Colleague: 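Provided herewith is a single structure, encoded as structure tokens, for subsequent inquiry.
FYI, the numbering just counts along the sequence from 1. These numbers come from a predicted model, not from an experiment.
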Amino acid sequence: MPQTNKARTSGGSAGEVSGPECGEPPPARAGEADQSDPVIVKSPSDPKKYRYIELSNGLKALLISDLTQSESNREPVAKEEEDSDISYKMSYIISQSAAALCISVGSFSDPADLPGLAHFLEHMVFMGSEKYPAENGFDAFLKKHGGSDNASTDCERTIFKFDVQRKYLREALDRWVQFFIGPLMIPDAVDREVEAVDSEYQMAQPLDSNRKEMLFGGLAKAGHPMSKFFWGNAQTLKNEPREKNIDTYERLREFWRRYYSAHYMTLAVQSKETLDNLEEWVRAICIKIPNNGQPRADFSDLQDPFDTPDFNKLYRVVPVRKIHALTISWALPPQDKHYRVKPLHYISWLIGHEGAGSVLSLLRKKCWALALFGGNSESGFDQNTTYSIFSVSITLSDEGFQNFFQVIHIVFQYLKMLQSVGPQQRIYEEIQKIEANEFHYQEQMEPIEFVANICENMQLFPKEDFLRGDQLMFEYNPEVISAPLTLLTPATANILLLSPEHDGRCPLNEKWFGTQYSVEGNPPPQRIWEKFAMTFLIFFIPWRKYYHINCLFFPPSLVLFDLFVNILAHNLAEPAYDADVAQLEYMLFPGDHGLFIRLKGFNHKLPLLLNLIVDHLANFSTAPNVFSMYIEQLKKTYYIILIKPDRLGRDVRLQILEHHRWSVMQKYEAIMADLGVTDLMDFVNRFKAELFVEGLIQGNFTSAESKEFLQYFIEKLQYKAPPAEPPVLFRVVELPQTHHLCKVQSLNKADANSEVTVYYQTGLKNLREHTLMELLVMHMEEPCFDFLRTKETLGYQVYPSCRNTSGVLGFSVTVETQATKFSTDFVEGKIEAFLVSFGEKMVNLSDEAFQTQVTALIKLKECEDTQLGEEVDRNWFEVVTQQYVFDRLNKEIEVLKNVTKDELVSFFMEHRHASSRKLSIHVVGFGEKEKETHGDDQSSSSPESQDTERKTSSYGDVSELIFLPASPVLAKASRITDIRAFTSSLNLHPYHKILQ
């Protein structure tokens with residue numbers, strides 16, 4: 001489903017905020033003021049207060065105050081707001097305020113002649129309002145005050161959300177609500193924003209998850225909304241409407257009037273304000289949202305959309321990624337009304353179990369599968385008012401693909417066993433306890449994510465269950481569980497089998513995403529229901545607070561290291577699964593300079609999990625079939641990385657900048673060599689012989705207990721210290737004082753997406769310059785979006801970035817575009833034009849605008865952490881880079897207190913002269929605009945050329961970069977056509993740490 005990132009920005013003028021005299025008066029309340037609603041059940045660990053209100057226009061709102069009692073006793077916020085001087089003294093614990101609105105309309109309501117209209121309207125309402133007409137005024141306001149916004153369109157719901165500094169919540173709320181009171185939606189903006197929707201669609205095309213959904217949705221009965229094209233593109237929203245004399249602009253306004261009605265809306269607002277303040281603001285501002293009095297869209301009568309012969313078949317699909325994946329799906333009656341029982345969650349818990357005796361355990365032992373997921377994602381695609389999907393998705397090995405019929409039979413046999421034994425109250429209650437425990441000790445979410453979740457829950461659950469309806473299992477009901485369980489049979493299943501082995505054997509093409517597929521009858525049902533014994537375990541339930549630990553090792557960065565970590569994770573999967581069920585989490589990650597081991601969970605049993613990991617590390621071994629399975633899987637993993645333009649662009653950029661970095665392409669070449677188990681074991685033994693171990697422990701452990709963890713590493717691994725402390729960073733080349741261009745062809749021949757990154761290297765700088773760069777990029781974000789996306793419509797994703805490359809400072813501007821619309825050389829020209837205009841903007845920057853942005857950045861750095869993990873991530877960065885500046889945020893705040901506008905402007909201008917160290921990276925997609933530049937060497941991504949390409953192969957060679965020439969537009973740039981030759985002549989910066 002379309003998930004829109006709407007970081008829209010532009011300069012906007014301030015406006016008056018509606019006062020309470022313009023709105024709806026709050027009702028009189030008896031008793032103590034600012035009380036929380038006792039009907040709403042919350043977690044015992046949740047300190048927030050809640051109040052539910054309904055406005056006379058039908059809008060329902062949940063007000064959420066995270067203002068603590070001690071904070072509420074401090075001086076009132078009005079005093080802070082009256083003071084125009086910038087004050088850096090914290091009178092409150094700083095946190096973001098947020099709001100989210102859910103409207104009960106989505107893509108199911110698209111008119112038949114304008115596919116994607118609901119998604120397009122979600123874009124368009126942000127393009128200015130009658131009260132605040134500046135096209136990107138809302139995002140400009142948010143960026144100025146440390147905020148952000150986003151939106152998404154699902155089948156039956158659309159969600160809008162934003163966050164901002166608490167001081168500016170009221171004005172932000174007024175600006176935001178105007179989109180639902182009087183959106184501007186001018187015709188010129190309609191024409192331009194279609195291009196953003198089209199770019200979003202083209203970026204979605206290479207993703208197998210989207211392609212599967214479009215193919216699956218197309219199997220629904222004719223006339224059912226699931227068969228619609230939800231994304232929308234230039235064809236459906238601009239070209240075809242013009243040919244048919246359809247006024248898209250007027251139809252947008254008509255759709256808005258019909259469906260954006262107050263009585264369809266649920267609102268959640270969270271802030272460190274009193275509930276009384278929040279209620280006053282919401283009533284005053286939101287009462288103006290119109291109510292059209294019409295019944296909401298209802299599709300609940302369209303049951304059994306997949307009760308068709310086309311559904312119950314085997315579909316062989318050619319994926320974009322080189323993976324083998326099997327998905328078995330059933331379309332069931334809608335299950336949302338059974339949220340108190342959650343029958344599908346019970347079934348998915350069993351089918352997705354990974355411990356001994358599970359389906360995945362058996363498949364892993366046979367080396368047929370690497371992962372298995374069972375259940376329902378609860379997205380609109382998987383669950384709506386017309387059906388619920390239950391699916392079992394399995395990532396297959398090469399051998400598993402060859403035996404996929406047997407894999408299907410194992411799944412069916414297991415389901416038959418579940419049906420035979422029926423629902424088990426003991427198991428249900430164990431799951432129920434685990435979910436209740438997680439709810440009881442849940443960590444706080446970021447406000448913007450929390451309100452987005454809650455405003456949707458308000459559409460689904462009664463008031464008492466707003467906070468828990470999607471999490472808890474309330475009551476055991478075997479009849480409710482058995483009803484969908486008995487429907488999970490071979491005769492009613494849909495099977496999707498994705499594999500690159502299908503390339504050239506699939507004559508059919510899905511209309512919108514071009515997915516190649518073929519259709520067969522389902523495998524014969526005989527012997528599927530034979531008795532198949534399985535076991536299920538009883539799990540321990542932990543009871544105390546969270547804790548994190550990380551450890552670091554330093555081996556060579558080799559393919560064998562990736563294999564080692566992947567196989568170690570495989571070896572741990574089954575013995576560590578009970579810990580995972582008991583909410584103890586762990587992650588193994590092969591970093592550039594060592595092995596990362598990260599654990600999180602309740603402290604009571606976490607040491608046992610750490611010991612288990614260390615034991616498997618010390619006693620590592622592997623079987624030849626497991627080794628072969630992961631060799632093949634890593635080949636696919638490297639391939640998948642290389643065919644993505646953004647990942648390839650990053651790989652090329654870092655290969656140029658970081659000395660001795662192994663690129664993913666080099667790893668891909670190396671894994672094609674004849675590696676064996678002996679090579680891996682030799683590497684592991686060398687790896688374990690000499691180690692440098694460093695850890696971070698935060699949470700409910702004493703210093704003595706923490707030292708015991710390290711001692712366990714020492715005793716079990718019996719390693720020696722390396723002769724010299726190994727580096728934790730790369731050395732970085734010093735770019736020449738001129739413009740260099742590295743332009744490479746995308747490695748996915750069917751992908752029109754291109755990426756352009758223009759990078760400026762600043763050099764070895766201290767903490768002050770790094771903070772200045774962060775402030776500069778913050779200034780740059782809104783005008784970058786306004787210039788390159790809103791006005792120039794170059795692509796869906798455009799953004800500046802602050803770059804810290806192994807301690808070397810820089811910044812970049814990135815545009816993700818399509819070769820069907822623009823050449824990368826043209827896009828680079830527009831990036832240069834933006835930087836020129838931005839320089840002019842900075843020179844003319846007012847003192848007020850400068851100070852506002854400084855304040856916004858300070859407030860962001862002062863924000864309290866909502867979860868322990870946020871603090872852990874910051875501290876771990878200090879440990880892993882061996883800088884140990886644990887009060888870095890405070891130091892950066894002190895820099896910001898005395899930074900000047902002239903200093904910032906001068907800092908930017910230092911990058912804009914002829915001797916700047918500038919590097920441009922182009923990853924060039926396939927399309928007609930590039931064909932104009934590169935001739936017949938560039939294959940077009942038009943449907944005709946794609947059909948021609950498919951007659952040969954959908955998969956290109958990813959073992960070698962193809963360097964492309966620049967057009968005359970970039971003739972002055974020095975081309976890089978051999979990365980090693982270019983970097984070998986450059987000076988290397990010394991290792992550098994940003995300590996002060």
Side-chain angles (χ1 to χ4, degrees), residues 23-27 29 33-68 72 95-104 149-152 157-164 166 169-170 172-174 176-177 180 260-289 291 296 336 339 439 442 444-472 866:
E24 184 175 79
R29 293 187 182 276
D34 209 47
Q35 283 188 325
S36 188
D37 192 327
V39 177
I40 298 171
V41 181
K42 65 178 186 175
S43 165
S45 61
D46 184 357
K48 298 186 289 295
K49 294 181 179 179
Y50 299 87
R51 180 181 294 168
Y52 174 73
I53 62 173
E54 294 185 15
L55 275 58
S56 59
N57 62 355
L59 182 140
K60 301 173 178 63
L62 187 66
L63 314 175
I64 307 166
S65 172
D66 49 14
L67 182 68
T68 64
S72 64
S95 70
Q96 292 291 86
S97 296
L101 183 79
C102 182
I103 311 175
S104 62
D149 66 327
N150 210 331
S152 61
R157 287 179 289 278
T158 302
I159 295 176
F160 300 86
K161 61 186 178 182
F162 77 88
D163 64 359
V164 73
R166 166 183 160 270
L169 172 63
R170 183 171 181 174
L173 191 64
D174 185 63
W176 184 63
V177 169
F180 314 109
Y260 276 42
S261 179
H263 66 305
Y264 303 165
M265 297 179 178
T266 49
L267 172 71
V269 183
Q270 177 176 339
S271 180
K272 284 189 179 297
E273 295 286 346
T274 66
L275 291 173
D276 291 342
N277 274 353
L278 293 176
E279 179 170 353
E280 177 188 333
W281 297 352
V282 168
R283 288 186 181 276
I285 294 169
C286 297
I287 191 61
K288 295 182 180 180
I289 299 175
N291 180 330
R296 66 179 64 197
D336 51 337
Y339 80 92
F439 179 73
Q442 66 184 353
Q444 300 302 301
M445 297 171 63
E446 289 290 342
I448 190 171
E449 300 305 325
F450 184 68
V451 293
N453 183 58
I454 295 304
C455 74
E456 186 171 22
N457 281 0
M458 293 170 69
Q459 300 269 350
L460 302 172
F461 310 120
K463 181 168 68 170
E464 62 269 20
D465 293 335
F466 284 170
L467 307 180
R468 61 178 186 167
D470 58 340
Q471 298 183 55
L472 297 183
T866 56

Colleague: With rounding to the nearest 0.5 angstrom, report the NZ to CZ distance, Lys288 to Phe180.
Modeller: 16.0 Å
Colleague: Grab the two heavy atoms, one from Gly469 and one from Tyr339, that are nearest each other, plus how far apart they are.
Modeller: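 Scanning both residues completely, I find the closest heavy atoms to be O-CD1, 3.5 Å.
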Colleague: Using every non-hydrogen atom in the two residues, find where Thr274 and Ser65 come nearest and quote the distance to one decimal.
Modeller: CA-OG, 4.3 Å
Colleague: Which atom names give the shortest non-hydrogen contact between Ser43 and Gln442, and what distance separates them?
Modeller: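 What the structure gives for the nearest pair is CB-NE2, 3.4 Å.
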Colleague: Out of Asp163, Ile64, Leu63, Leu278, which residue meets the side chain to side chain contact (heavy atoms under 4.5 Å, CB included) rule with Gln270?
Modeller: Ile64
Colleague: What's the shortest heavy-atom distance between Phe162 and Ala172, and which atoms?
Modeller: CE1-CB, 3.6 Å
Colleague: With a cut-off of 3.5 Å and sequence neighbours excluded, list every side-chain donor-acceptor pair involving residues 449-456.
Modeller:
from: Glu449; atom 1: OE1; to: Lys161; atom 2: NZ; distance (Å): 3.3
from: Glu449; atom 1: OE2; to: Lys161; atom 2: NZ; distance (Å): 3.4
from: Glu456; atom 1: OE2; to: Arg157; atom 2: NE; distance (Å): 3.0

Colleague: Considering all heavy atoms of both residues, which atom of Leu173 and which atom of Val282 are nearest to each other, and what is their separation?
Modeller: CD2-CG2, 4.3 Å
Colleague: Given the rule in the side chain to side chain contact (heavy atoms under 4.5 Å, CB included) test, do Val269 and Trp281 qualify, once you have shown the distances and angles that lead to the verdict?
Modeller: CA-CA 10 Å; Val269 183; Trp281 297 352; over 6 Å; no
Colleague: Just to verify, what does Phe466 make a ring-ring contact (aromatic ring centres under 6.0 Å, His included) with, not counting sequence neighbours?
Modeller: Tyr52
Colleague: So, for Ile289 and Ala262, which heavy atoms are closest and what is the spacing to 0.1 Å?
Modeller: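 Scanning both residues completely, I find the closest heavy atoms to be O-CB, 3.7 Å.
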Colleague: Measure the spacing between CG of Leu267 and CE of Met458 and express it to the nearest 0.5 Å.
Modeller: 7.0 Å
Colleague: Whether the side chain of Lys60 engages the backbone of Glu54 through a donor-acceptor N/O pair (distance < 3.5 Å, no angle test) should be reported.
Modeller: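 Checking the backbone N and O of Glu54 against the side chain of Lys60, no donor-acceptor pair under 3.5 Å is found.
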Colleague: As a quick check of understanding, evaluate side chain to side chain contact (heavy atoms under 4.5 Å, CB included) for Ile40 and Leu62, giving each step before the final call.
Modeller: CA-CA 10 Å; Ile40 298 171; Leu62 187 66; 3.3 Å; yes
Colleague: To the nearest 0.5 angstrom, please state how far the CG atom of Leu55 sits from the CD1 atom of Ile287.
Modeller: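 One finds 4.5 Å between CG of Leu55 and CD1 of Ile287.
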Colleague: Let me confirm one number: the CG-OH distance from Leu101 to Tyr260, rounded to the nearest 0.5 Å.
Modeller: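 So the CG of Leu101 and the OH of Tyr260 are separated by 9.0 Å.
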Colleague: Side chain of Lys42, backbone of Leu467: donor and acceptor closer than 3.5 Å?
Modeller: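 No.
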Colleague: Quick one: OG on Ser104 to NE2 on His263, what's the gap to the nearest 0.5 Å?
Modeller: 8.0 Å
Colleague: Under 3.5 Å, is there a donor-acceptor pair between the side chain of Asp66 and the main chain of Lys48?
Modeller: no
Colleague: Quick one: does any side-chain atom of Asn57 pair with a main-chain N or O of Cys286 as donor and acceptor, under 3.5 Å?
Modeller: yes
Colleague: Nearest 0.5 Å, what's the CG-CZ distance between Asp37 and Arg51?
Modeller: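 If I round to the nearest 0.5 Å, the distance is 8.5 Å.
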Colleague: Determine, step by step, whether Trp176 and Ile285 satisfy the side chain to side chain contact (heavy atoms under 4.5 Å, CB included) criterion, reporting the C-alpha distance in whole Å, the side-chain angles of both residues, the deciding distance to 0.1 Å, and the verdict.
Modeller: CA-CA 10 Å; Trp176 184 63; Ile285 294 169; over 6 Å; no
